[in-house]
Amino acid sequence: MSSDSTVREDSAQSTGLTGGVDIDITGMTCTACARRVEKSLNRIDGATAWVNFATERARVTGLDDPETALAAVKKAGYGAQLHKPGDDA
C-alpha cells in the first residue's frame, strides 16, 4: 500500500467517513478523464472520492445517497453504475 493511500484512509477515518460506495465508470479514455470525474465527485458536499483509471472505478465515502454520486459522474459526461461485488472478473 502506498503512503498516499494510507494518508487517504487515515484522513477518512479521522473525519468520521466510513463505508462508501464503489462506482463503475465508463467512457474514460485517459487519466485527465479520471481526474475530471474525481473533481466532480469531490464537489459533492461531505464526499471524498478517489478514481482509478486502470480499473475504471471510483470509491466515494461520506455520501447520504449514492444516486448523488452517479448523477455527478453522468453530469461530467461519463457513464456510471454502482459496482456489484463479484463483477471483478
Side-chain angles (χ1 to χ4, degrees):
M1 183 181 320
S2 72
S3 62
D4 186 45
S5 177
T6 302
V7 169
R8 287 177 177 169
E9 288 177 7
D10 290 346
S11 175
Q13 291 172 356
S14 68
T15 58
L17 301 176
T18 58
V21 295
D22 290 326
I23 300 171
D24 293 325
I25 302 169
T26 57
M28 294 189 300
T29 58
C30 62
T31 56
C33 294
R35 188 76 177 139
R36 185 176 302 123
V37 170
E38 189 171 274
K39 284 182 179 183
S40 294
L41 290 168
N42 280 317
R43 286 187 188 117
I44 300 169
D45 192 37
T48 302
W50 305 274
V51 176
N52 185 316
F53 172 66
T55 62
E56 297 182 309
R57 190 170 303 148
R59 176 80 173 156
V60 188
T61 60
L63 292 172
D64 291 329
D65 180 11
E67 293 298 321
T68 305
L70 295 176
V73 173
K74 291 175 183 176
K75 184 176 180 181
Y78 303 91
Q81 66 180 18
L82 293 177
H83 178 73
K84 297 175 188 162
D87 283 354
D88 296 323

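Within 6.0 Å of the CG atom in Asp65, the count of heavy atoms belonging to other residues, nucleotides or ligands exceeds 12.
For the atom pair OG1 of Thr26 and NZ of Lys74, the computed distance is 9.0 Å after rounding to the nearest 0.5 Å. For the atom pair CD (Gln81) and CD1 (Ile23), the distance works out to 10.5 Å, reported to the nearest 0.5 Å. Here the CG atom belonging to Asn52 is positioned 11.5 Å from the OG1 atom belonging to Thr31, to the nearest 0.5 angstrom. Summarising the geometry, atom CD belonging to Glu67 is positioned 6.5 Å from atom CG belonging to Leu82; distances are rounded to the nearest 0.5 Å. The line from CD of Glu38 to OG1 of Thr48 is 10.0 Å long, rounded to the nearest 0.5 Å.
Nearest approach of Ala34 to Phe53, heavy atoms of both residues: CB-CB, 3.9 Å. In this structure, Tyr78 and Val37 approach most closely via the heavy-atom pair CD1-CG2, 3.5 Å. Of all non-hydrogen atoms in Val73 and Gly79, the two that sit nearest each other are CG1-O, 3.8 Å. Of all non-hydrogen atoms in Met28 and Glu56, the two that sit nearest each other are CE-CA, 3.7 Å. Here the closest heavy-atom approach between residue Arg59 and residue Asp22 is recorded as CD-OD1, 2.7 Å. Nearest heavy-atom pair across Val60 and Ala49 is CG2-CB, 4.0 Å.
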